[in-house]
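Below is one structure, written out as structure tokens; the observations come after it.
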Protein chains: 2
Amino acid sequence: MTVTLADVAARAQVSPATVSRVLNGNYPVAAATRERVLRAVDELDYVLNGPASALAAATSDLVGILVNDIADPFFGIMAGAVQSEIGGPGGRAGGERMAVVCNTGGSPERELTYLTLLQRQRAAAVILTGGAVEDAEHAEAIAGKLRRLTEAGTRVVLCGRPPSPDTDAVALTFDNRGGGQQLTEHLLGLGHRRIGYIAGPEERTTTRHRLEGHRAALAARGIEDDPALTVHGPYDRRSGYDATDELLRRAPDLTAVVAANDTVALGACAALRDKGLRIPDDVSVAGFDDLPFSIDAVPALTTVRLPLHEAGARAGRIAMSKEKPPPGGVATVHGELMVRGSTAGPR
Amino acid sequence: MTVTLADVAARAQVSPATVSRVLNGNYPVAAATRERVLRAVDELDYVLNGPASALAAATSDLVGILVNDIADPFFGIMAGAVQSEIGGPGGRAGGERMAVVCNTGGSPERELTYLTLLQRQRAAAVILTGGAVEDAEHAEAIAGKLRRLTEAGTRVVLCGRPPSPDTDAVALTFDNRGGGQQLTEHLLGLGHRRIGYIAGPEERTTTRHRLEGHRAALAARGIEDDPALTVHGPYDRRSGYDATDELLRRAPDLTAVVAANDTVALGACAALRDKGLRIPDDVSVAGFDDLPFSIDAVPALTTVRLPLHEAGARAGRIAMSKEKPPPGGVATVHGELMVRGSTAGPR
DNA sequence: CTGTTAGCGCCTTCAG
DNA sequence: CTGAAGGCGCTAACAG
């Protein structure tokens, strides 16, 4: 049968407790004894039983990272960064912590399900990335879960997501509103007045904030917001393509298109090209996020760079208590406008 | 303190065993009783203790997915697909299985560490995606782990990775060799004779197989393989950019560049453009994988499409025993040549 | 520094 | 269909 800690103890001629101590390295053990135990572990090819150890210690080495879409580099970059910070020695049971990323698909139900699963596993920490769905009921359900999670000793960090009120969750929020505003200001500064806006899915914080920034920039210039110039859709290429067709139909006079993110912007570029329109000569295009491929678009995409890696790493450190949480538990992470070839003055 | 199954039992006026039975739904329980238990669960806001249940049942609901780079959509797409198939009811403890993706960063050590962690957790299944490092020692270490994993009842599936000999792991292998060959044949058919090749990192199966395909195509035409025309590098944009510079320096007469994958190809395109070379007029470029952004490159990238989503989904189903493993435990998944604007005849 | 002793919370025979 | 009882493998006080 499967070899247990007791087997190791027997072979090393020590008590189970001692074996446990050398394995967890959190208690003094004589060098000679430790040596003997380690050898026994090796000879027996022993592997600690995670569930048993988690049960006894009432905590596990699991760190959960929730993402909306694992196929989207936006999340992949953050998840990878988080993970690079949570590993390494220091945890229980051999020192290795296990980062697990959970793909919610943007569905609040799955988000809740995963949080419950993580709660079940007595996760050491949970990090939620990306925008949240704006539904009072779900927000409350999530907040409740987060509350129970923190009460149970799980550290919760939100990365790229607004704070969750009445919760001990630390939040690193992206300044989507400010970024959106900068972007549109840039376009207005170039002389554009008829700007199409391809927003993300409705009812999501990210979508709303970016759109608000856009409108704020418009308002600041006294430009009336034409509802016909805004179209909503998912965060994918196809949506950008279709939305651009639609915008062009509604407003053939538009001179610029702002997309909810870079992926959508690429779709917009494709639609424009297929219509024989040149970028930026006929229509300027801008994205958001500055994902790695954006600089390789032709022309290179003007966008707002979000420090995804840095934010993820910081979230990871906070989750591991390697870094102090920001005062008030909330920090705003700003984007940086990257002006490139896809935007220019209107013809 | 935290509410336990016993608390629920007390409130519902049944025995703990009964509560366990309704929670796991794997045993007949009177409808009225179940109702009562469920209500108690709800009122008490009870959450099953994962470790305890895993300990008692000697198995968990965890399914591990190992990827080389979580920020790369190549892996994200597969991971997402796997996960879409492993969820849903049918598992123990509430019916939800938990897919966790683990980022190895392409390091064999971390791969081993994660496998040990998953073994520790008594994972229900483990899926390894993408190419493997070609080092006899590591290959044997991994094979040993996989063997022990399967012996312990964990189902192991390799997705996009060659079979692991002397192992019960099911393998869905990509036909990288065939794809590479097709691609180069396409270029040769267009009339190219001096073709630069930007290979992936050395010592990896994917790199070697794609390169072998390329050379096989060359050999079939009786073209001598010029070592100066091959450069190795990581699977990223930067590598494609630098390698292209290097190739151009070594062989100013080349008329085409084949990249290890699409991301590298984008870097190659950027380098070419920065040198004032036109694609495909001056130099043709081809990639591999057909990631979503590849069609939006300008010109659109000629590449080999790998059915990443389908393969991942199938791996997930096999891991969950929802689908029969292929005969012999090995299946080859073929790519499809996608000819687009980035390749044309040499000037 | 090391051994002994109790559980951690749940599942699973075995009776009833 | 339901209850009682034992143990899954490990950790965490306590002693020594």
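Chain identifiers are assigned alphabetically (A, B, ...) following the order of the sequence lines, protein sequences preceding nucleic acid strands; residue numbering begins at 1 within each chain.
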Restricting to non-hydrogen atoms, name the atom on Ile65(B) and the atom on Val82(B) that form the minimum distance, rounded to 0.1 Å. CD1-CG1, 3.5 Å
Return each pair, listed once, that meets salt bridge (Lys or Arg N to Asp or Glu O under 4.0 Å) where at least one residue sits in residues 319-328 of chain B; pairs must be two or more places apart or across chains. Glu85(B)-Lys322(B), Arg314(B)-Glu323(B), Arg317(B)-Glu323(B)
N/O to N/O distances under 3.5 Å, protein versus nucleotides 6-8 of chain D:
none

Of the options dC11(C), dT2(D), dT11(D), whose atoms approach the side-chain atoms of Ala30(B) most closely? dT2(D)
In residues 8-21 of chain A, which residues come under 4.0 Å of DNA chain D by heavy atom? Ala17(A), Ser20(A), Arg21(A)
Distance col, row Thr205(B):OG1 vs Arg161(B):CZ, nearest 0.5 angstrom, shows 7.0 Å
Apply side chain to side chain donor-acceptor pair (under 3.5 Å) to Thr104(A) and Ser107(A), showing your working. CA-CA 6 Å; Thr104(A) 66; Ser107(A) 140; over 6 Å; no
Taking atom P of dG9(C) as reference, at what distance in whole Å does atom CD of Gln121(A) sit? 15 Å
Tell me yes or no: between the side chains of Thr150(B) and Arg155(B), is some donor less than 3.5 Å from an acceptor? no
Between Arg122(A) (CZ) and dT11(D) (C1'), how many Å, whole number? 16 Å
I need the Tyr46(B) OH to Leu5(B) CG distance, nearest 0.5 Å. 4.5 Å
Roughly, in whole Å, what's the span from CG in Leu23(A) to P in dT11(D)? 7 Å
Whole-Å distance between dG9(C) P and Asp7(B) CG? 9 Å
CG of Leu5(B) versus P of dC8(C): gap in Å, rounded? 14 Å
What is the minimum heavy-atom distance between Leu62(B) and Gln121(B), and which atoms define it? CD2-CB, 3.7 Å
Check whether the side chains of Thr113(B) and Thr116(B) place a donor and an acceptor atom closer than 3.5 Å, and report yes or no. no
To the nearest Å, how far apart are Asn24(B) CG and dG9(C) P? 17 Å
